[in-house]
Amino acid sequence: MPIVKTVSRAVSQLLQSSGCGCGISIVPIRCIGVSPRQVASDASFHSVSFSESDHPRVLITGGLGQLGVGLAKLLRKRFGKNNVILSDIRKPADNVFYSGPFIYADILDYKNLREIVVNNRITWLFHYSALLSAVGEANVPLARAVNITGLHNVLDIAAEHHLRLFVPSTIGAFGPTSPRDPTPDLCIQRPRTIYGVSKVHAELMGEYYHYRYGLDFRCLRYPGIISADSQPGGGTTDYAVQIFHDAMKTGKFQCNLKPDTRLPMMYIDDCLRATLEVMEAPAEALSMRTYNISAMSFTPEELVQEVQKHVPELQVTYSVDEVRQAIADSWPMNFDDRDWKHDYDLPELVTTMFSFLGSDSRIAQAN
Ligand SMILES: NC(=O)c1ccc[n+]([C@@H]2O[C@H](COP(=O)([O-])OP(=O)(O)OC[C@H]3O[C@@H](n4cnc5c(N)ncnc54)[C@H](O)[C@@H]3O)[C@@H](O)[C@H]2O)c1
Ligand SMILES: C[C@@H](O)[C@H](N)C(=O)O
């Protein structure tokens with residue numbers, strides 16, 4: 001994935017001729033009255049005293065899911081604790097609440113979201129709220145609302161307030177008619193889940209707003225992300241996180257995908273590093289708005305083999321979930337990101353997960 005690369009002449013011409021801040025750029029401002037500042041918008045915003053600086057002022061939506069807390073930690077290290085606001089509709093755990101600014105933000109409440117952006121002088125927005133693939137199929141109306149209507153709110157607010165906007169897409173934005181091994185950045189995208197459809201919609205709307213209104217929209221298609229300190233939110237790739245917890249706790253793991261189901265995966269540190277890189281890239285270095293990002297690709301049986309090097313007594317059974325299996329069978333097996341360099345392959349991933357989960361003592365003598 002050439003996040004930062006020389007912009008070709010053709011791309012430069014395209015950018016110059018089609019917007020990016022010039023040309024037709026009347027920003028879509030919704031016709032709702034200007035509301036007075038409401039206490040509710042920043043009532044839960046503790047210990048905040050923003051200083052003027054060159055750092056971006058960041059809002060993360062859906063920040064209490066698998067990826068948001070880790071992203072906030074990374075961004076706070078770089079831009080300062082009080083310049084990064086985590087938000088969600090759920091109640092944060094104590095350690096999250098006291099680690100930096102947190103605010104309630106429902107992305108379906110346009111006015112509230114706009115107030116938060118205005119009152120806190122947000123300049124960068126990471127839009128993480130979503131219903132993932134499996135929970136999305138279980139509640140299509142809610143997935144449609146959060147993933148599509150919510151995105152529309154975010155796009156309009158970002159365009160109106162000239163934010164740099166990051167929206168993650170996914171391997172789930174591809175479908176059975178896409179080339180699956182490998183899947184390139186540009187190819188046919190006909191996903192069969194509401195999650196995938198909403199992500200293709202996000203990719204296209206972001207790109208449209210970029211060319212039409214000059215919105216600084218940036219998007220990476222993530223593979224399945226694996227993390228030790230946060231739980232996945234109901235996706236098809238969740239098994240690859242669950243196995244570590246079950247190996248540690250019970251020594252038994254029931255996999256809900258077939259043993260030979262190959263999917264692209266990535267350790268969370270690589271994912272968050274790539275996200276920061278694409279957000280920090282100079283605009284003129286981006287030749288597209290959406291890129292694949294990839295690290296490794298494995299099947300459940302390959303992951304089990306690697307995990308058993310650390311927990312040899314792990315017992316594994318397979319009980320296939322038909323919904324998740326059908327989704328996985330329609331997704332890429334290998335993701336082509338061309339030249340982005342990841343740090344973690346499968347062995348490093350597994351070692352890191354176990355050392356994070358505190359299993360050093362269980363590492364097999366057999367190694
Ligand atoms: N985790 C992965 O493997 C993976 C892979 C590809 C893409 N992504 C994308 O990255 C983003 C973050 O993923 P994640 O794994 O952290 O997701 P997650 O499901 O763990 O968390 C999503 C968060 O969105 C919040 N949310 C739901 N409805 C909301 C609303 N109305 N307003 C505000 N917040 C709301 C939830 O409370 C939850 O905390 C998502 O957009 C997802 O599609 C994740
Ligand atoms: C792949 C990704 O988008 C998510 N983990 C899911 O399985 O739904």
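Predicted, not measured: the structure shown is a model, and the values here were computed from it. Just so you know, ligand 1 is whichever comes first in the structure, and atom 1 is the first atom listed for that ligand.
- Within 6.0 Å of CZ on R192 lie no more than 12 heavy atoms contributed by other residues, nucleotides or ligands.
- By heavy-atom distance, the residue among D88, V167, I60, D109 lying nearest atom 39 (O) of ligand 1 is D88.
- Residue-to-ligand polar distances place L67 within reach of ligand 1: an N/O pair is separated by less than 3.5 Å.
- Among all protein heavy atoms, the one lying closest to atom 23 (C) of ligand 1 is G62 O, 3.5 Å.
- Taking every heavy atom of L132 and a limit of under 4.0 angstrom, the matching atoms of ligand 1 come to 15 (O), 17 (O), 19 (O), 42 (C), 43 (O).
- Within the set Y128, F126, F166, the minimum heavy-atom distance to atom 11 (C) of ligand 1 is found for Y128.
- Among protein heavy atoms, the minimum distance from atom 43 (O) of ligand 1 is reached at Y195 OH, 2.6 Å.
- When only non-hydrogen protein atoms are considered, atom 4 (C) of ligand 2 lies nearest to T237 OG1, 3.9 Å.
- Ring pair F174/F335 is perpendicular by interplanar angle, where above 60° counts as perpendicular and below 30° as parallel.
- Using a 4.0 Å cut-off to heavy atoms of P168, the atoms of ligand 1 that qualify are 9 (C), 10 (O), 11 (C), 41 (O).
- Using a 4.0 Å cut-off to heavy atoms of G224, the atoms of ligand 1 that qualify are 3 (O).
- The residue from G65, S129, G70 that puts a heavy atom closest to atom 18 (P) of ligand 1 is G65.
- At the shortest separation from atom 27 (C) of ligand 1 among protein heavy atoms lies I89 CD1, 4.1 Å.
- Ligand 1 has no atom lying under 4.0 Å from any heavy atom of A145.
- Here the shortest heavy-atom pairing between R180 and G175 reads CG-O, 4.5 Å.
- Using modelled atom types, one finds no donor on one side chain facing an acceptor on the other under 3.5 Å when comparing S133 with T193.
- Set against the non-hydrogen atoms of W331, the atoms of ligand 2 under 4.0 Å away are 1 (C), 6 (C), 7 (O), 8 (O).
- Closest protein heavy atom to atom 6 (C) of ligand 1: Y222 CB, 3.3 Å.
- The two residues S169 and E203 have their closest heavy-atom pair at OG-OE2, 2.6 Å.
- The distance from ligand 1 to the heavy atoms of S169 drops below 4.0 Å at these ligand atoms: 6 (C), 7 (C).
- Ligand 1 places these atoms under 4.0 Å from at least one heavy atom of A105: 32 (N), 33 (C).
- The contact set between ligand 2 and L132, taken as ligand atoms under 4.0 Å from a residue heavy atom, comprises 8 (O).
- Every heavy atom of Y222 sits 4.0 Å or more from the atoms of ligand 2.
- At a cut-off of 3.5 Å, with distance as the only test, a side-chain donor of Q242 or D246 sits close to an acceptor on the other residue.
- For atom 5 (C) of ligand 1, the candidate residues are G136, P223, G235; the nearest heavy-atom contact is made by P223.
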D88/Y128 under side chain to side chain donor-acceptor pair (under 3.5 Å): CA gap, chis, key distance, verdict
CA-CA 9 Å; D88 208 302; Y128 270 9; over 6 Å; no
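- Ring-plane geometry between Y344 and Y267 is classed as tilted, the angle between the planes lying from 30 to 60 degrees on a 0 to 90 degree scale.
- Residue-level proximity to ligand 2 for D238 is absent, since no heavy atom of it falls below 4.0 angstrom.
- A salt bridge links D216 with R289: the closest approach of a Lys/Arg side-chain nitrogen to an acidic carboxylate oxygen falls below 4.0 angstrom.
- Closest protein heavy atom to atom 32 (N) of ligand 1: I107 N, 3.0 Å.
- Atom CZ of R273 has more than 12 heavy atoms from other residues, nucleotides or ligands within 6.0 Å.
- Summarising the geometry of S230 relative to G65, their closest heavy-atom pair is CB-O, 4.4 Å, with the distance given to 0.1 Å.
- Protein heavy atom closest to atom 8 (O) of ligand 2, with residue, atom name and distance, is S133 OG, 2.6 Å.
- Atoms of ligand 1 found under 4.0 Å from any heavy atom of T170 (numbered from 1 in listed order, with element): 6 (C), 7 (C).
- Under the 6.0 Å cut-off for aromatic ring centres, F79 and W124 qualify, their centroids lying closer than that.
- Listed by number with element, the atoms of ligand 1 under 4.0 Å from a non-hydrogen atom of G233 are 19 (O), 20 (O).
- Of the possible donor and acceptor atoms, none in the side chain of D106 sits under 3.5 Å from a partner among the backbone N and O of I89.
- Nearest to atom 7 (O) of ligand 2 among the protein's heavy atoms is T236 N, 2.7 Å.
- Scanning the protein for heavy atoms near atom 3 (O) of ligand 1, the closest one is I225 N, 2.9 Å.
- Nearest protein heavy-atom contact of atom 15 (O) of ligand 1 is Q66 CB, 3.5 Å.
- Transitive grouping of hydrophobic side chains (ILVMFWY, heavy atoms separated by less than 4.5 Å) brings I243 and L346 into a common cluster.
- The shortest N or O to N or O distance between T170 and ligand 2 is under 3.5 Å.
- Residue L64 places a heavy atom under 4.0 Å from ligand 1.
- With contacts defined as side-chain heavy-atom distances shorter than 4.5 Å, the pair N147/K199 does not qualify.
- Among I194, V140, L142, the single residue meeting the side chain to side chain contact (heavy atoms under 4.5 Å, CB included) criterion with L131 is L142.
- With no hydrogens or angles considered, no side-chain donor-acceptor pair links T290 and E207 at under 3.5 Å.
- Between Y195 and ligand 2, an N or O atom pair is found at a separation short of 3.5 Å.
- The atoms of ligand 1 that sit less than 4.0 Å from any heavy atom of D106 are 30 (C), 31 (N), 32 (N).
- Using a cutoff of 4.0 Å between basic side-chain nitrogens and carboxylate oxygens, R114 and D156 are not scored as salt-bridged.
- Of the possible polar contacts, one joining the H210 side chain to the L215 backbone as a donor-acceptor pair under 3.5 Å is found.
- Closest to atom 22 (C) of ligand 1, if we only count protein heavy atoms, is A130 O, 3.6 Å.
- Note on ligand 1: K199 sits in its first shell, one or more heavy atoms being nearer than 4.0 Å.
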